[in-house]
Asks: 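Below is a structure I'd like to ask you about.
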Amino acid sequence: MKLNPEQDKAVKHFEGPMLIFAGAGSGKTRVITNRIIHLIKNKNIEPSKIVALSFTNKSSKELRERVRKMIPSKETKGLILSTFHSLGLNFLKKHIELLGYHLNFLLQTPSDTEGIILDLLKSKKIDTEEIQIPLIQSNISKVKNIGQEYFDIMQSSDNIHFLSTVEIYEDYNKVMKSMNSIDFDDLILLPIKILRENEEVKKSYHKKFNFFMVDEFQDTNKTQYELIKLLINKNNNLCVVGDDDQSIYGFRGSDVSLILNFEKDFKNAETIRLLQNYRSNDKILNAANSVIKNNSGRKEKTLWTEIISDELPKYVERLDEKDEAIFLADEIEYEMKKNHIEGSQISVLFRTNYQSRPIEEELRIRGIPYKLIGAYNFFDRKEVKDLIAYIRVVANHNDELALLRILNYPKRGIGQTSISKIGEKSFEKEIPVFQVLENLCHEQGYILDIKKNTASKIYEFLELIQKYRTEFFGSNKLTETLKKFIKDIGFEKEFSLEESNEKVIKARMLNLSEFINMMYYFESEWDEKQKPTLFDFLQRLSVLTLDEEPEKKERDERVQLMTMHLSKGLEFDVVFLIGLEEGIIPSSRTIDESNIVDEERRLFYVGMTRAKKRLVLTRAKERRKYGEMYSTESSRFISEISKEYLNDLNIQSPDSEFDFLKSLESLK
DNA sequence: GGGTCACCAGTTTTT
DNA sequence: CTGGTGACCC
């Protein structure tokens, strides 16, 4: 397909700043990929001088695939296509020592840092009863992403979460550093610090990179923007692409004003607007337009399309979430069998992750293959967390969170009393816990009145860790070592002690072997001569999700299940938006603040505009919550869709009945 | 030291 | 309905 004049202009734009306002489905990704290829092929720019950034793993992967399809990979060697966070990670792998961290730093996920925060709160004598750790974490994250400004707001508030955050903020960073650990926000923040403080490093990057592109710019936050501004050289070759109507990460500090003010920041910026939609048919697009126009403070624009259809998006209400799932599965089967739509071209989008469960169940019953795209569910499995904790301790004796997690798992007779004694000793003498354990075993006169039996168990534990430390770092085969490690730890034995159901034991073991596969894939990506270490693996683990599967199937029969957030940037022939109820979308937490409801509306808009040919909206009239049934109300966004663009199958009118009969006819 | 059981609080969205 | 926590007993 040929580029339209505006797209062409964007692709050919060479040097200097550029802002591309790109509506949903306006060929944004095409422009970016074409521009990259144009730079390489026509302008003879070294691929390694080009950096294209996006916000989620999902969209950067998408970009990578699109580029791969258009140009042989040897011609893009060195091209950087990544998320902000993995760019930060790679940067820190080279320079973090400048800040006094060791090069083998560890990246801690929020669930890892919970324990640290809890300890700090306790040590400050803060009553942890009414404190929600995730709120503290999100406050810390906001300080890191927004800066002093936010710190001041918290300081002058009487909100208990704010005050506690202020109280522990400094110590939190200290503790993290003493563990040689960083969190997600540090992936952006620390590189900024290094670039600001080290002119030499900054210069080297100005030489190294010359062209930057930022996809989904509306989701960028201040810190990320700051990082970009430090990285670009005086040529200001920065091209940003975004759409204010698709800004859906406000809760993470993303800042729409960045895109709205870009032209002020870069006075000579060229601005291009892409308003023709190439994805959806007119009915879907008009329905979406009629919703988004209810938002205040947006840049007025109306997308248009040349694709005409006579089929309206339809809206279906079902009894409960189970019934909704049944309807969905019926429709999906119909699409696949009768319309011959490939599974991967069908997607089910929901507001919150827990909504996927009934759908998964129903699809599994019918044997419809699906792929659940979501970040954490796999890593949240207890056995996977435990295994990772083992790996962490092997990699780093001083990862105390991990150490405490596994010290008595599988149960080896090191009980709470002993653990407390060890903890006290460590605190009192200011020696790491691991050291205390070692002393306990090797040195005489260092007995904390711990029973001989316990001490010998501790010794066995240390032996195990030591053995695998040698194995992992001594050999070149991470995966092989991991398999042995799992056996030696004795997971299977422990599982059968905990659980009599054979199937559950199998399932847990299967999760572990899934983890083994993951490590195998990871390992096989590396060159023969430069094998990855355990540290490389751990660092990657925290940034990546499980959907890194190297084998690319030619055809993917799996229906795609994901949150509306993750669907951004993607497109499907058929899209189902489910659970369209007040309290879900817009989420009950946001319902009274209009600016946040606007964000929910954008989210809904993003969901709608994923559809190419068919859009189906559903809702359950009753829904189970905490095990009890509640009746629901239809989402306000449904009623915002202008009537002429919605086939509401729940209104009993002669017309819709006729449609219904007609559709029965066509089935026969 | 470890197992059992009653009680309770919790589901936004991502790196 | 879940998963996590803490009291209580062997």
Side-chain angles (χ1 to χ4, degrees), chain A residues 53-60 82-89 107-111 113-114 118 128-135 137-138 141 144-145 182-189 216 219-221 223-224 247-254 321 349-358 373-377 379-382 408-421 450-451 453-454 457 497-498 539-545 562-568 579 583-591 596-597 599-600 602-604 606-607 623-629:
Chain A
L53 295 173
S54 58
F55 173 67
T56 61
N57 285 319
K58 189 99 191 94
S59 52
S60 92
S82 81
T83 62
F84 277 96
H85 288 86
S86 45
L87 181 80
L89 178 64
L107 183 53
Q108 308 281 1
T109 64
S111 69
T113 60
E114 263 174 33
L118 195 64
T128 50
E129 277 296 295
E130 52 196 314
I131 299 234
Q132 291 172 283
I133 307 283
L135 276 179
Q137 289 175 319
S138 103
S141 170
K144 291 191 177 189
N145 282 302
I182 64 168
D183 62 24
F184 281 132
D185 302 307
D186 291 333
L187 287 175
I188 313 295
L189 209 60
E216 309 285 9
D219 293 328
T220 303
N221 66 34
T223 340
Q224 291 162 340
S247 163
I248 54 176
Y249 286 102
F251 66 93
R252 251 198 87 269
S254 83
E321 74 272 9
L349 308 181
F350 33 80
R351 172 68 237 261
T352 66
N353 283 304
Y354 70 85
Q355 288 173 266
S356 71
R357 259 172 61 182
I373 298 170
Y376 300 114
N377 36 48
F379 296 103
D380 274 346
R381 310 245 164 87
K382 188 180 173 299
N408 194 33
Y409 186 89
K411 303 219 175 64
R412 47 171 74 83
I414 308 170
Q416 201 49 56
T417 335
S418 309
I419 291 179
S420 310
K421 281 179 194 161
I450 275 176
K451 286 188 207 139
N453 201 21
T454 312
K457 297 291 180 197
L497 282 175
E498 289 172 8
Q539 284 171 344
R540 213 12 210 291
L541 206 55
S542 314
V543 204
L544 281 190
T545 59
M562 70 192 93
T563 62
M564 294 182 197
H565 279 91
L566 282 179
S567 75
K568 195 167 55 154
I584 292 185
I585 182 163
S587 151
S588 51
R589 301 218 179 175
T590 65
I591 249 156
I596 308 191
V597 171
E599 179 151 319
E600 298 280 306
R602 290 193 290 265
L603 188 56
F604 186 64
V606 166
R623 182 173 292 276
R624 224 172 298 262
K625 209 178 178 188
Y626 308 141
E628 255 180 298
M629 277 301 209

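Below, read A as the first sequence line, B as the second, and so on, with proteins coming before strands; counting in each chain starts at 1.
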Asks: Between A/Asn353 and B/dT12, is there a contact of a side-chain N or O with OP1 or OP2 at under 4.0 Å?
Replies: no
Asks: From the list B/dG1, B/dG2, B/dT13, which nucleotide is the closest neighbour of the side chain of A/Asn408?
Replies: B/dG2
Asks: Between A/Asn145 (side chain) and A/Asp185 (backbone), is there a donor-acceptor pair under 3.5 Å?
Replies: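 No; judged by distance alone, with no hydrogens or angles, the pair does not exist.
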Asks: Side chain of A/Lys411: nearest nucleotide among B/dG3, B/dG1, B/dT13?
Replies: B/dG3
Asks: In whole angstrom, give the distance that lies between atom OH of A/Tyr409 and atom P of B/dG2.
Replies: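 Nearest whole value for this atom pair: 13 Å.
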Asks: Do A/Ser60 side-chain atoms and A/Ser82 backbone N/O form a donor-acceptor pair below 3.5 Å?
Replies: no
Asks: Tell me: CD of A/Glu216 to P of B/dT14, nearest whole Å?
Replies: 14 Å
Asks: Looking at B/dT14, B/dG2, B/dT13, which one has an atom nearest to any side-chain atom of A/Arg351?
Replies: B/dT13
Asks: Calculate the interatomic distance between A/Gln355 atom CD and C/dC1 atom C1'; express it in whole Å.
Replies: 16 Å
Asks: How far apart are the C-alpha atoms of A/Thr113 and A/Gln137, what are their side-chain angles, what is the distance that settles it, and do they pass the side-chain hydrogen bond (donor to acceptor under 3.5 Å, both in side chains) test?
Replies: CA-CA 8 Å; A/Thr113 60; A/Gln137 289 175 319; 2.9 Å; yes
Asks: Between A/Leu135 (CG) and B/dT12 (P), how many Å, whole number?
Replies: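 Value for this atom pair: 10 Å.
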Asks: Which comes earlier along DNA chain B counting from the 5' end, the contact point of A/Tyr354 or that of A/Thr563, where each point is its nearest nucleotide?
Replies: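 It is A/Tyr354 whose nearest nucleotide is closer to the 5' end.
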Asks: Starting from P on B/dT12, measure out to CE on A/Met562 and report it in whole angstrom.
Replies: 21 Å
Asks: Side chain of A/Ser587: nearest nucleotide among B/dG1, B/dT14, B/dT12?
Replies: B/dT12
Asks: Are A/Phe251 and B/dT13 stacked, counting the six-membered base ring, centres under 5.5 Å, planes under 30°?
Replies: yes
Asks: Starting at atom CD1 of A/Ile188, determine the distance to atom P of B/dT14, rounded to an integer number of angstrom.
Replies: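 One finds 17 Å between P of B/dT14 and CD1 of A/Ile188, rounded.
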Asks: Are A/Phe55 and A/Phe84, when compared by the centres of their aromatic rings, separated by less than 6.0 Å?
Replies: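 No, the ring centres sit 6.0 Å or more apart.
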Asks: Can you tell me how far P of B/dT13 sits from CD1 of A/Ile373, to the nearest Å?
Replies: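 So the CD1-P distance, A/Ile373 to B/dT13, works out to 16 Å.
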Asks: Could you say whether A/Thr454 or A/His565 is positioned toward the 5' end of DNA chain B, judged by the nucleotide with the nearest heavy atom to each?
Replies: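 Nearest nucleotide further toward 5': that of A/Thr454.
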Asks: Describe the nucleic acid contact of A/Phe55 in one word from base, sugar-phosphate, nothing, applying a heavy-atom distance below 4.0 Å.
Replies: sugar-phosphate
Asks: Could you check whether A/Ser86 and A/Thr83, counting side-chain N and O atoms only, form a donor-acceptor pair closer than 3.5 Å?
Replies: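 A/Ser86 and A/Thr83 do have a side-chain donor-acceptor pair below 3.5 Å.
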Asks: Can you tell which of B/dG1, C/dT2, B/dT14 lies closest to the side chain of A/Arg357?
Replies: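 Within the option list, the nearest is C/dT2.
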Asks: Look at the side-chain N and O atoms of A/Ser588 and state whether any lies under 4.0 Å from the OP1 or OP2 oxygen of B/dT12.
Replies: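 A/Ser588 to B/dT12 OP1/OP2: no side-chain N or O under 4.0 Å.
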Asks: Could you tell me the separation between the CZ atom of A/Arg412 and the P atom of B/dG1, rounded to a whole number of Å?
Replies: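 A/Arg412 atom CZ is separated from B/dG1 atom P by 14 Å.
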